[in-house]
Structure formats: structure tokens, C-alpha cells
Amino acid sequence: MSDYVTLTINGSNIRVPKGTNVLDAALEYGICIPHLCHMSDLTPIGACRLCIVEVVENGKSEVTASCTLEAKEGMTILAHTDKILKARKNIAEMLVAEAPNSRAIQDVAVRCGVTEVRFPFRNKNCVLCGRCIRVCSEVWQANALGFVGRGKDRHVALPFHNRPEFCKRCWSCLEVCPMTITPCDGPMKEGEEYFCGKCESQLTMALGSIDTCVQCRLGAGFGCLRAEPEK
Ligand code: SF4
Ligand code: SF4
Ligand code: FES
């Protein structure tokens, strides 16, 4: 029995090892599906929903997150239909409203076609992507971070709010956090919910280029081969 499966993504035949998720399969073949919470090689948690795709079966389609979807033989995936682009743009817009000072989120939002934000800015310092927690537990086996609380009180915390002895001081949690990649200090005030585009982010360059790589920095070092800066 083959250890590989073949599926189609946007009409292209993709062959990947069994167990690969659809998002990683797409990225491996240079098909950019915007994503935020996912990190290749770590357990996907499907938190941000940016990576949604349509799975087509028997003439019907279902929208689902691609990072938590295992690639199966004969699967048909559509990653950039009008329906997906619209839904993904809304999700990205909401993420920017949550954390407008994250340049990484701004850039990934631009890749989803967001040019303005219709929702009030909430200026959160965490979007609950869980990247820090998973890198801590799965790469460093430290388990020094975890989600605490429910609903609007949910947040990332150290045990008893103190850095424990078993924290390895590797700072990987900071490196992978989309909030810490060159934060934006642009407009974040009520009534100024827009992208100023004055910083060095890829915002202005990317206008009108939905689905093209804007080097959102969620790729560089984070697993998206297409997003690596040119040498
Ligand atoms: S610095 Fe500590 S909390 Fe952060 S990833 Fe490393 S071990 Fe985990
Ligand atoms: S602290 Fe950063 S990496 Fe951790 S969940 Fe929040 S946004 Fe994600
Ligand atoms: S990257 Fe798939 S849900 Fe976040």
C-alpha cells in the first residue's frame, strides 16, 4: 500500500505523504493559503480559521479549516473560490480589529484583500493562536504555558503567573508570536480604524494582489516556503 496520497488543490495534482494536512500539502506545492495559528510540524488546532477551503465531494462542498483536515486520496480542494475569499477576508478583518498593532496580522490580512477595517479596534495583545503554547510544549517539552479561562477571559498564562523553573528561557514563545513581529504603532484609535500603510510592511505593495505572497512574516521561519524573503 502506498505511503502517499494524491489530491487536487485548485485543480493541481498534489502528492504528499499520508497524514499530511491539506494546508501543509498546499504550501509544499507553492499554493498560498493564508494562515495564522498553524505551524508545520506542530499539532494543528484550527484556532484562527484563516486557512479555510472548500472540500468538494459528490457535487457538494463543505467549508472547513485546511490545517486540521487530513489529505486523503482523491480529495478535491478549492482554496480560492469567491465564497472562500469573501469569508477569509471577513475573518482577517476581524483579526485586525482584535489586534491592529500586529504587523504580521496586518500583512496576512492584506493577502486576504483587506484594505480597511469596519469593526472597532479592540487592541488586544493576544489573538489566542496558541503558537506559543505549542512551541513550548511540543518543541521544548517545557509545558510552561497554557490557556486559562473561558470565553472573553481566555488568555495565555504561566503557572500561577510566575515563570517556573522548568521554563527553558528559549524565548521561542516570543519568536513565534504574531504580536511580537515588529509591532505596528500606527493608528489604533477609535474612528481611525484604517491601515495607514506608512510602515515597512507589505501593505501598500500588496494592494490589489489578493493571494500573492506579501512576505507576511508568518511564513519566514514559520513554515510557509513561499513567504521566505528573497536572498
Ligand atoms: S521561554 Fe519558557 S515559556 Fe517560552 S517557549 Fe521557552 S520554555 Fe516555553
Ligand atoms: S501570546 Fe502570541 S503566540 Fe501566544 S496565543 Fe497569544 S498571539 Fe498567539
Ligand atoms: S491556520 Fe488553520 S485555523 Fe489557523
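Both ligands and their constituent atoms are indexed starting at 1 by order of listing. Bear in mind that the values here come from a model prediction, so they are computed numbers and not experimental data.
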What's the shortest distance from atom 5 (S) of ligand 2 to any protein heavy atom, and which residue and atom give it?
Gly130 N, 3.1 Å
Taking the side chain as C-beta and beyond, is there a heavy-atom pair between Val117 and Pro100 under 4.5 Å?
no
Minimum heavy-atom distance between Cys51 and His35, given as atom pair plus value
CB-CB, 4.3 Å
Ligand 3 versus Thr68: contacting region, heavy-atom distance under 4.0 Å
neither
The atoms of ligand 3 lying under 4.0 Å from a heavy atom of Arg49, numbered in the order shown, are 3 (S), 4 (Fe)
Here the atoms of ligand 1 under 4.0 Å from any heavy atom belonging to Leu145 are 3 (S)
What atoms of ligand 1 come within less than 4.0 Å of a heavy atom belonging to Arg163?
2 (Fe), 3 (S)
Intermediate values then yes/no, side chain to side chain contact (heavy atoms under 4.5 Å, CB included), Leu128 and Glu98:
CA-CA 10 Å; Leu128 304 176; Glu98 286 290 292; over 6 Å; no
Any atoms of ligand 3 less than 4.0 Å from a non-hydrogen atom of Cys48? List them with their elements.
1 (S), 3 (S), 4 (Fe)
Could you walk me through whether Val16 and Tyr4 pass the side chain to side chain contact (heavy atoms under 4.5 Å, CB included) test, one step at a time?
CA-CA 5 Å; Val16 288; Tyr4 287 79; 5.5 Å; no
Heavy atoms only: which of Cys37, Cys132, Ala47 lies closest to atom 1 (S) of ligand 2?
Cys132
Between Pro178 and Ser102, is any pair of side-chain heavy atoms under 4.5 Å apart?
yes
To the nearest 0.1 Å, how far is atom 7 (S) of ligand 2 from its closest protein heavy atom, and which atom is that?
Val127 N, 3.4 Å
For Ala47, take its heavy atoms, then give the atoms of ligand 3 lying under 4.0 Å from any of them.
3 (S)
Could you go through Ile84 and Leu78, starting from their C-alpha distance and side-chain angles, then the distance that decides it, and tell me whether this counts as side chain to side chain contact (heavy atoms under 4.5 Å, CB included)?
CA-CA 8 Å; Ile84 289 295; Leu78 298 174; over 6 Å; no
One residue to check: His38. Relative to ligand 3, which of side chain, backbone, both or neither has a non-hydrogen atom less than 4.0 Å away?
both
Neighbour count >12 (heavy atoms, 6.0 Å) for atom CG, Asn125
no
At what distance is the nearest protein heavy atom to atom 2 (Fe) of ligand 2, and which residue and atom is it?
Cys177 SG, 2.3 Å
Counting only heavy atoms, which portion of Leu128 has something under 4.0 Å from ligand 2: side chain, backbone, both, or neither?
backbone
Start with the C-alpha gap between Asp24 and Ser40, add the side-chain angles, then the distance that decides, and say whether side-chain hydrogen bond (donor to acceptor under 3.5 Å, both in side chains) holds.
CA-CA 7 Å; Asp24 280 340; Ser40 295; 2.6 Å; yes
Go through ligand 3 atom by atom and flag the ones less than 4.0 Å from a non-hydrogen atom of Cys51.
1 (S), 2 (Fe), 3 (S)
Any side-chain to backbone donor/acceptor pair from His80 onto Cys32? Under 3.5 Å, distance only.
yes
Please check this pair: side chain of Thr20 against backbone of Ala25, looking for a donor-acceptor N/O pair closer than 3.5 Å.
no
Measure the distance from atom 6 (Fe) of ligand 2 to every protein heavy atom, then report the residue, atom name and distance (to 0.1 Å) of the closest one.
Cys126 SG, 2.3 Å
Any Cys48 side-chain heavy atom under 4.5 Å of Cys129 side chain:
no
Do any pairs count as a salt bridge (charged side-chain N to carboxylate O under 4.0 Å, His left out) and have a residue in residues 70-81, sequence neighbours left out, and if so which ones?
Glu70-Lys72
With atoms numbered from 1 as shown, which atoms in ligand 3 lie under 4.0 angstrom from a non-hydrogen atom of Leu36?
1 (S)
Val22/Val55 under side chain to side chain contact (heavy atoms under 4.5 Å, CB included): CA gap, chis, key distance, verdict:
CA-CA 10 Å; Val22 168; Val55 188; over 6 Å; no
Considering only residues two or more places apart or on different chains, which pairs with a residue in residues 150-161 satisfy salt bridge (charged side-chain N to carboxylate O under 4.0 Å, His left out)?
none
Looking at atom 8 (Fe) of ligand 2, what's its closest protein heavy atom, distance included?
Cys129 SG, 2.3 Å
Under 3.5 Å, sequence neighbours excluded: what are the donor-acceptor pairs made by side chains of residues 161-173?
unit_1, atom_1, unit_2, atom_2, d
Lys168, NZ, Trp140, O, 2.7
Arg169, NH1, Pro164, O, 3.1
Arg169, NH1, Cys167, O, 3.2
Trp171, NE1, Arg169, O, 3.4
Ser172, OG, Trp140, NE1, 2.8

Under 4.0 Å from any heavy atom of Cys67, which atoms of ligand 3 are there?
1 (S), 2 (Fe), 3 (S)
So, at under 2.8 Å, which protein N, O or S atoms would a careful student list around atom 6 (Fe) of ligand 1?
Cys170 SG
Would you mind running through ligand 3 and noting each atom that sits below 4.0 Å from a heavy atom of His35?
1 (S)
